[in-house]
Amino acid sequence: MPDGTTALNVDYDGLIPNNVNLNADMRVRKALETWHPGYIDWWRDMGPEGFQESLVYLRTAIGVDPKGWAKFDYVRMPEYKWGVLLAPAVEGRTIPFGKHRGEPVWQEIPGEYRAMLRRLITIQGDTEPASVEQQRHLGKTAPSLYDMRNLFQVNVEEGRHLWAMVYLLQKYFGKEGREEADDLLRRRSGNEDSPRMLGAFNEATPDWLSFFMFTYFTDRDGKMQLEALAQSGFDPLSRTCRFMLTEEAHHMFVGDSGVSRVVERTCQAMKDAGITDPADIAAVRALGVIDLPTIQKKMNLHFSLTLDLFGNEVSTNAANAFTSGIKGRYREEKLDDDHALVDATYPVQRLRDGTVVAEDVPALSALNMRLRDDYVGDCASGVTRWNRVIEKAGFGFRLALPHIAFNRGIGEFKAVHAGVDGRILGDAEWAAAKGGHLPDDADAEFITSLMVAESRPGHFAGWIAPPRVGIDNKPGEFEYVQIHE
Ligand code: BYC
């Protein structure tokens, strides 16, 4: 079977399940088999703490046919079948944008784009283990076995996404690729000497509300970046990202439904207790649920941290990646323009004389912001759904995304303090406003006090509502994780 295979089924015979015919590629197979023990060591050291021997009801990819690519079964996580899976090749695919538009896609890397591709693949790869590290303590405080299982599902699939990037590094980048692959196992989230590459991946995920916000907001950056890389003229990267996107959807579902269930439980508890003012934080917290203003603060934090992942307002890196045919736009194929953008402009929010204004800049250098705008639009849908839950319960409170200038650490807004409405604030004003918009120590302490494990099948911690349906249509009492095996 030649490389660029259209195989839908996965070869499970070797150490590394794959549909890239590793058996015929001794060099890459050997490189991956050499990397494998280090990966397992990393998983045991940095993966979910305390549950390595538990049996978890996990989905494993067994093919890449969108109609039926996964099976569910109990698995011990270190024995999960992490594999290398590419979406089927598209016959006759051509480069969809940039100066090579219309040329056949590349199966090998053009020499002049090697460094750029290596950097993008390495950055993508770095985020995957980082998120596993950030979430490693959460199993111990899971609000149910259902949620615990979802956490572990997300974790093993992030592990698989690391494998996906490592395969590309090992196959196409020789010695440098091997070194990058080793470094992906060496860096650690939050480590002072050897941190993960992007800011948000060095932040803590201290509690389950953070986990749901992370999977809603930060995994959604993953979706947008993977969509942009799935457009790539480098076909193996495109096919890899297309298959990763199939898995990614569940991660965002976990976040979306998780936040929704927290909001639902809070509203129900307020209704039952006859509380009419959601801003009466002390009264709401006394019910053992998370008040809506605190949910808003967590949202402000995770949204703003994630906006930083889109890079700077004006970026030559982004322009070069597009012009070269390496990284496209969200849903490039649906956009009705010349797909080269040489003469186009795009409005970008910038800081001018102490206010935020929209300014037209060359569209090529604004591509990070264009993707970010698409991201913000995508984020809004969940907020609308969460608000519907609040509205249905009869409360006037509404959750809202903060302004893009709020709490920024990358780009031009990092130099200023902005309110959630985008107004630039002086130091004293910011100091007074901050605690109302971002979680503080007291919020953290309260949320932590609720994080008590509930591990009886079919039971849920008091601060979160049960889901509407089970995973794989399992009934409510289903034992998603057999902890004591
Ligand atoms: N932190 O030209 P600029 C996911 C650096 S999430 C630190 O604007 P560019 C997932 C930048 O590297 C998706 N540094 O940057 C989610 C550059 O440095 P150099 C991950 C930053 O390249 C949940 C300099 O500033 N995938 O999959 O246009 C769970 C100039 O910046 C940051 C990707 O990100 C930052 N936030 O855009 C699990 C896709 N931002 O090189 C997984 C691949 C910028 O000049 N990466 N810098 O020294 C990219 O496409 C781009 O690298 C970025 C940055 C969009 C990240």
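Start at 1 and go down the list; that is how both ligands and their atoms are numbered.
Ligand 1 has no N or O atom lying under 3.5 Å from any N or O atom of G222, backbone or side chain. The N/O atoms of N312, backbone and side chain alike, include one that comes under 3.5 Å of an N/O atom in ligand 1. For ligand 1, the polar-atom distance check against N317 finds a nitrogen or oxygen pair separated by under 3.5 Å. Residue D308 has at least one nitrogen or oxygen atom sitting less than 3.5 Å from a nitrogen or oxygen atom of ligand 1, judged on distance alone.
Which parts of ligand 1 touch L120 is read off a 4.0 Å heavy-atom cut-off, strictly below it: atoms 43 (C), 46 (N), 49 (C), 50 (O). Of all atoms in ligand 1, listed by their number and element, those nearer than 4.0 Å to a heavy atom of F201 are 6 (S), 10 (C), 16 (C), 23 (C), 29 (C). Atoms of ligand 1 lying under 4.0 Å from at least one heavy atom of T218, given by number and element, are 16 (C), 23 (C). The distance from ligand 1 to the heavy atoms of S131 drops below 4.0 Å at these ligand atoms: 29 (C), 38 (C).
Atom CG of N155 and atom CE of M46 lie 11.5 Å apart (nearest 0.5 Å). The line from CG of N300 to CZ of F217 is 8.5 Å long, rounded to the nearest 0.5 Å. Rounded to the nearest 0.5 Å, atoms OG1 (T218) and CZ (F303) are 11.0 Å apart.
Looking only at heavy atoms of the protein, atom 28 (O) of ligand 1 is closest to S315 OG, 2.6 Å. Of the protein's heavy atoms, R119 NH2, 4.2 Å lies nearest to atom 19 (P) of ligand 1. Taking atom 7 (C) of ligand 1 as the reference point, the nearest protein heavy-atom neighbour is M197 O, 3.6 Å. Nearest protein neighbour of atom 21 (C) of ligand 1, counting heavy atoms only, is I410 CD1, 3.9 Å. Nearest non-hydrogen protein atom to atom 54 (C) of ligand 1 is G311 CA, 4.1 Å. Looking only at heavy atoms of the protein, atom 50 (O) of ligand 1 is closest to K327 NZ, 2.5 Å. Ranking protein heavy atoms by distance to atom 56 (C) of ligand 1, first place goes to L309 O, 3.6 Å. Here the protein heavy atom with the shortest distance to atom 1 (N) of ligand 1 is G199 N, 3.3 Å.
In this structure, atom 47 (N) of ligand 1 has no protein heavy-atom contact shorter than 4.0 Å. Inside a 4.0 Å radius of atom 52 (O) of ligand 1 there is at least one protein heavy atom. Closer than 4.0 Å to atom 38 (C) of ligand 1 lies at least one heavy atom of the protein.
Between F310 and Y375, the ring planes lie tilted relative to each other; the angle falls in the 30° to 60° range. Using cut-offs of 30° and 60° for the angle between ring planes, the W106 and Y113 rings count as tilted. Aromatic ring orientation, F211 versus W208: perpendicular (interplanar angle above 60°, classes split at 30° and 60°). W430 and H417 have parallel rings, their planes meeting at less than 30° on a 0 to 90° scale where 60° marks the start of perpendicular.
More than 12 heavy-atom neighbours from other residues, nucleotides or ligands sit within 6.0 angstrom of CD on E333. For R352, the CZ atom is densely surrounded, since the number of other residues' heavy atoms within 6.0 Å is greater than 12.
Salt bridge annotation for D41-R44: absent, with no cationic side-chain nitrogen under 4.0 angstrom from a carboxylate oxygen. Taking 4.0 Å as the cut-off between side-chain N and carboxylate O, K223 and E227 do not count as a salt-bridged pair.
Ring centroid separation for the pair Y39 and W163 comes in under the 6.0 Å cut-off.
At distances below 3.5 Å, at least one donor-acceptor pair connects side-chain atoms of D308 with backbone N or O atoms of G409. With R76 contributing its side chain and E53 its backbone, the two residues share a donor-acceptor pair below 3.5 Å.
Closest to atom 27 (O) of ligand 1 by heavy atom, among R220, M165, H161, Q124, is Q124. The nearest non-hydrogen atom to atom 13 (C) of ligand 1, considering only V132, T127, D221, comes from D221.
At a 4.0 Å cut-off, not a single heavy atom of M224 sits close enough to ligand 1 to count as contact.
Counting heavy atoms from C-beta on, the side chains of L237 and I121 come closer than 4.5 Å.
Neither the backbone nor the side chain of F217 comes within 4.0 Å of ligand 1, counting heavy atoms alone. Residue-level proximity to ligand 1 for H251 is absent, since no heavy atom of it falls below 4.0 angstrom. By the criterion of a heavy-atom distance under 4.0 Å, the side chain of N368, and not its backbone, is placed next to ligand 1.
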